[in-house]
Amino acid sequence: MTDQIPHISEENVRLSKRNALIQTGNPYAYRFDRTHTLQELIDIYTTAEKTLPEGLPEVKIAGRIIAKRGHGKACFGNLLDDSGTLQFYANSALVPEEAYQTLLTLDVGDFIGITGVPFYTNRGEFSIKMHSYILLTKSLKPLPEKYHGLQNKELRYRQRYVDLVANPEVKQTFKTRSIIIQKIRQFLGNEGFLEVETPILHTVYGGAAARPFITHHNELGQDSFLRIATELHLKRLIVGGFEKIYEIGRIFRNEGVSYKHNPEFTSIELYQAYADYTDMMTLTETLISDLVFAIHGTYEISYQDKLINFKAPFARMTLSDALSTYANITPDADTQTLRNKAKELGLDISLNPEKGQLIAHIYDKAVEAQLIQPIFITDYPWETSPLAKRHRDNPALVERFELIISGMELANAFSELNDPIEQQARFEDQLKAQEAGDDEAHQMDDDYVNALKYGMPPTGGLGIGIDRLVMLLTDSHSIRDVLFFPHMKDKSV
RNA sequence: GAUUCGGUAGCUCAGUCGGUAGAGCAAUUGACUUUUAAUCAAUUGGUCGCGAGUUCGAUUCUCGCCCGGAUCACCA
C-alpha cells in the first residue's frame, strides 16, 4: 500500500481536530480541579524500592502533553506542568474504548487533565496510570523539536512563550530572577526599609546621564519623559520625612542594545537618612553576599567560566588608585596628559571634555573590564556626578562608589548632595554641558532644588541594576537571557 | 554605528565548485498492551530572508536592503 496522502499542514490538521471537537464538546475547558502538582505527586509517592501498593486513591493532575508514544492498545506520554514532568500511561483496557481512541488523536502541546493512580512501570519509572482524562486546551501549533528544543535566538526572544515550553532551563532562570527580587524585598524589609512607588512619567527627567524616551500627554498637551532613574523623586520623599525607602522599578533609557544594556531595565534605588556612602557600601556587600548565599548555598560561584567570590567584605579601591594600578596614569596628571591618554585609548574627545570627564572616560575604557572580583571603586571626580556630595577630604572629588563585578557596573552610590545652592550650581553646569553638545547632561530640576531648600537630612543613596545582578547569579551571558521579552526591532511574526 | 557570522520544511541542521534541494524530529496512514530521543513500514511537506544585477539558467556568484547572534564602539 503506497497510496499518496495529500499534504495538510500540521496546523491545519490540528485546526480540523479543534473544529470537530467544538461540535461535540469544548476543547477549551473552563477549569480543572487538581489534587496534586506533578512534583507533589513525585514527592509523595516515589519510593526507593520503586514499588507501590495496589489500591492507591485516585489523583488528578493537569498539564501540557510534551511527548506521546503509542503502542497500539497502550500508550505513553509525558505531561509538563509548572512543577515538573511526569509520565502517563494509558491502556485501552482501563480507559473506555471511545475515550482511548480520542486520546490517540491528541497532539503534543495539548493540555489535558488526568485522573488515575500512581504506579511504577516495568522499567521502574514513576508514572500515572490513566483512568480517565479530559481535554483542557487544544493547541494548534506544533512545539519545537523535542530533543534540541528551540535554538534560534531570534525566535527564542521574540516568542519567549515557546522558548519557555521547549527549554526548561530558561524557565529556571526566570524563577531564580523572581526569587532574587523577592529576597531583596525580604532583606530590605528586615532592615526597616519601606517600598514606595514614584512616577514613571516625568515632566523633567533626571537622576542619571542618559537620553530619555519622549511621549506625549494628549489631555494636558505636553510632552512627558519616561523616567531614566527614580532618584530625584525618592530623595523628595526623604525631604518629606521618610528615612529608609526603596523602589524597584523599570527604568527607560533611549540608548543602544548590548549584552549588558536593554532600553528598559529594572533598577532598585534605596535611600537612607543620616547615612553616607560608607554605610551604603556595607549595605551593598551584605545584601549581595547574603543573596548569593541564599540562592547558591555558597559565596563562590562561577560566572561565564570565571570563579567569583562574593564573600563580604568586598575589596575597595579609589578611582585614583585604580587608574594608577590598571591604566598607568594618575588623576593628578595635567589635562593634556589625560587627553593624550584618552586619544591613545581611542576615546572620542571631540566635545572637549573637562578633566573629571576625561578621568571617568579613561577609567571606563581602561579599567572597568579588568575588574572581575567584586570591588568598590570610590571617590569620583565631581564633574561627572552632579547629584553627589563633595568628598569631605578633597573638594575635587565626590563621595561616590561603583560596585564592579565581572567588568560590569552593578551598583552606584553616593553620599547625596543636599546643599540646594550647590545643587542649583551643579545643574547649571549640566546645562552648560548640554549647550556644548552633551545630549546626556541633566536637565534643570527646579522643583527638586526647591525640595532641597526645605532641608534633606544627610542621606546615603544606592542604585543596583537588577538585571545584571540576575545575570551574575544565573550565569547568563546576555541581559536578554534574563528579560522575558528583550527589546527587539519590530518585525511581524 | 563598525566588523564579522548567520537566515534553507513547523523545529534541529546538511547541501548545491550555478542546472529550482536532503536528513532527523514533528505530521499523515498502517502495525504494535510497559515505552521513554519507543520501534517498524509507507506518505506528505520548501517563495532556500527580501529586492536587484550577472547568466541560457541564481537557493548558490555580485550588490543593496531587512532581521538576528557575537565582538567592538556608544551607553560614566
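In what follows, every heavy atom counts, from backbone to side chain, and hydrogens, waters and symmetry copies are set aside. Chain A is the first sequence line, chain B the second, and so forth, proteins listed ahead of strands; every chain is numbered from 1.
- Taking atom C1' in both G46(B) and C40(B), one finds a spacing of 28 Å when rounded to whole Å.
- Between Lys489(A) and C67(B) there is a side-chain N or O to OP1 or OP2 distance below 4.0 Å.
- U34(B) atom P lies 20 Å from atom CG of Leu52(A), rounded to whole Å.
- Regarding contacts with the backbone of A70(B), a side-chain N or O of Arg480(A) is found under 4.0 angstrom from either OP1 or OP2.
- As judged by a 4.0 angstrom heavy-atom cut-off over every strand, Leu155(A) is placed among residues touching the sugar-phosphate backbone only.
- For the pair Phe119(A) CZ and U35(B) P, the interatomic distance rounds to 11 Å; values are reported in whole Å.
- Across all strands, Asn412(A) comes closer than 4.0 Å to no nucleic acid atom at all (heavy-atom distances).
- As the counterpart of A31(B), U39(B) is assigned, both hydrogen-bonding distances of the Watson-Crick or G-U wobble pattern falling under 3.5 Å.
- Remark: Phe376(A) CZ to Ile405(A) CD1 distance equals 8.0 Å, nearest 0.5 Å.
- Of the residues Lys17(A), Lys68(A), Lys141(A), the one that meets the salt bridge (charged side-chain N to carboxylate O under 4.0 Å, His left out) test with Asp107(A) is Lys17(A).
- The interatomic distance linking Glu10(A) (CD) with C11(B) (C1') rounds to 10 Å, in whole Å.
- The side chain of Lys365(A) contributes an N or O atom lying less than 4.0 Å from OP1 or OP2 of A73(B).
- Residue-level contact check: Glu440(A) touches the backbone only, with heavy atoms under 4.0 Å from sugar-phosphate atoms and none from bases.
- Sorted by residue number, the members of residues 392-402 of chain A with any non-hydrogen atom under 4.0 Å from RNA chain B read Arg400(A), Glu402(A).
- Comparing C11(B), U28(B), U71(B) by their nearest atom to the side chain of Lys17(A) picks out U28(B).
- The partner of U47(B) cannot be assigned: no Watson-Crick or G-U wobble pair with both contacts below 3.5 Å exists in any strand.
- Note on ring orientation: taking the six-membered ring where Trp is involved, the planes of His442(A) and Phe427(A) are tilted (angle from 30° to 60°).
- With values rounded to the nearest 0.5 angstrom, Ile42(A) atom CD1 is found 11.0 Å from Ile128(A) atom CD1.
- Taking atom P on both nucleotides, G24(B) is separated from A38(B) by 15 Å, rounded to a whole Å.
- A salt bridge is defined here as a Lys NZ or Arg NE, NH1 or NH2 lying under 4.0 Å from an Asp or Glu carboxylate O, and Lys432(A) with Asp438(A) fails to meet this definition.
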Each nucleotide of nucleotides 36-41 of chain B classed B (base within 4.0 Å of a protein heavy atom), S (only sugar-phosphate) or -, in 5' to 3' order, makes BBB---
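- Applying the salt bridge (Lys or Arg N to Asp or Glu O under 4.0 Å) definition to pairs two or more places apart or across chains, those involving residues 70-97 of chain A are Arg34(A)-Asp81(A), Asp82(A)-Lys171(A), Asp82(A)-Lys175(A).
- Checked against U12(B), U34(B), G69(B), the side chain of Lys129(A) finds its nearest nucleotide in U34(B).
- Rounded to whole Å, the P atom of U28(B) lies 46 Å from the corresponding atom of U4(B).
- Aromatic ring orientation, Tyr45(A) versus Phe126(A): parallel (interplanar angle below 30°, classes split at 30° and 60°).
- Put simply, CG on Leu140(A) is 13 Å from C1' on G10(B), counting in whole angstrom units.
- A tilted orientation is assigned to the rings of His202(A) and His233(A), their planes being inclined by 30° to 60°.
- Pairing of G24(B), defined by two Watson-Crick or G-U wobble distances under 3.5 Å, is identified with C11(B).
- Straight-line distance between the C1' atoms of G68(B) and A27(B): roughly 28 Å, to the nearest whole Å.
- Taking atom CZ of residue Phe88(A) and atom C1' of nucleotide U35(B), one finds them 12 Å apart after rounding to whole Å.
- Atom CD1 of Ile200(A) is separated from atom CD of Glu264(A) by 10.0 Å, given to the nearest 0.5 angstrom.
- A salt bridge (charged side-chain N to carboxylate O under 4.0 Å, His left out) with Asp467(A) holds for exactly one of Arg177(A), Lys260(A), Arg480(A); it is Arg177(A).
- Residue contacts shown for Tyr363(A) are absent, as no nucleic acid heavy atom lies under 4.0 Å away.
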